[in-house]
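The structure appears right after this line, and notes come after that.
Numbering of ligands and ligand atoms starts at 1, following listing order.
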Amino acid sequence: MSTIYNQRKKIVVIGSSNTDMTVKAQRLPIPGETILGGTFIMNPGGKGANQAIAAARLGADVTFISKIGNDLFGIQALETYKSEMIKTEYIFTDNQNPSGVALISIDSFGENCIIVAAGANMSLSPQDINKAFNSIKEADVILIQLEIPLDTVEYAVDMAYGLGKKVILKPAPARPLSVKLIKKLYAIVPNRVEAEILTGIKVSDEKSAHKAAQIISRKGVGNVVVTMGKNGAFVKEGDACRWLLAKDVETVDTTGSGDVFCGALSVYLSEGYSLMESVAFANTAAAIAVTRIGAQSAIPFRYEVDIT
Ligand code: ADP
């Protein structure tokens, strides 16, 4: 099914906007040391932004609810979202805090150290969510992560649930979540590490994925999708469980593959496909992304997934 522009489904993404600043060096410095690095790369990032761009490129009419600082990084991020056809009227500006940044160092083996200064992301408030009420009311699917204050996540999920909306949570960065929050979700999409933090089960194979999904599901969410990197995804939909294998591709860079997966899953669900069909679509979209360098730059467009 191809998507005609004016038939695009409405997805509201609520989450973080960051700028990733990466320096590559032979090795990582030890505390107190200054070393000379090599290449410097600056890229837009943040799980919220990555998922919003993924959903937009994959065919949805996306509204992004987020907060940026009153600075150049914020202005640049806003330009990026506009160029992706994302609706930006609920991207708020915080005059007190800077835009979120991630400072990333990578050594010659690909090992990294990352410090995130969340800045304005941490002032996205329930009041901001209230301002976007009409947009949430009109949405087909709401997609949210945990790089913003937890009380804002809880408030937004509560509002969306009250409006009868399908809410999908990518629980990253992972942290314990209340049953009250989990019960209001349509689906939760942890990766292996996030699933382990939520359940205490080390997820490495089908059996452990099944167990972790079962524990999460018992907290009150019917649909659990545990993403398993190059192994695809384990899906628990009510009592039905299935392992959907990833596409076999030449992996170049897996940064942000989980975000592409969540964006794609939301798009297909918003179009009325089943959870299993949506996970298959998400596996295909994320597999294309891992064959390319970068996070946002690697996100595929709909036609690329449709022809695969
Ligand atoms: P995260 O990026 O959140 O850690 P995963 O590593 O589980 O998430 O990856 C998310 C999805 O991306 C997987 O479920 C799969 O569909 C796809 N994916 C990740 N790595 C690969 C790979 N090497 N080959 C093919 N698909 C992959």
ask   = Within 45 degrees of the axis of the six-membered ring of Phe92 and under 6.0 Å from its centre: does Lys131 put its NZ or CZ there?
value = yes
task = Please state which part of Asp259 comes within less than 4.0 Å of ligand 1, counting heavy atoms only: side chain, backbone, both or neither.
result = neither
note = Note: ligand 1 atoms sitting under 4.0 Å from heavy atoms of Thr251 are 22 (C), 23 (N), 24 (N)
ask   = Who passes salt bridge (charged side-chain N to carboxylate O under 4.0 Å, His left out) against Glu304, sequence neighbours left out?
value = Arg292
key: Asn283 (side chain) donor-acceptor with Leu244 (main chain) under 3.5 angstrom   = yes
remark   = heavy-atom search around atom 8 (O) of ligand 1 in the protein gives Thr227 OG1, 3.5 Å
inquiry  = Measuring from atom 25 (C) of ligand 1, which candidate in Lys47, Glu250, Met228, Lys247 has the nearest non-hydrogen atom?
reply    = Lys247
Heavy-atom check, side chain of Ile91 versus side chain of Tyr81, under 4.5 Å = yes
Close-contact set for ligand 1 against Lys170 heavy atoms, below 4.0 Å = 3 (O)
ask   = Hey, which atoms in ligand 1 end up nearer than 4.0 Å to a heavy atom of Lys230?
value = 20 (N), 21 (C), 22 (C), 23 (N), 24 (N)
key: Residues which pass salt bridge (charged side-chain N to carboxylate O under 4.0 Å, His left out) with Glu84, listed by chain and number, not counting sequence neighbours   = Arg57
ask   = Can you tell me if Glu194 has a non-hydrogen atom under 4.0 Å from ligand 1?
value = no
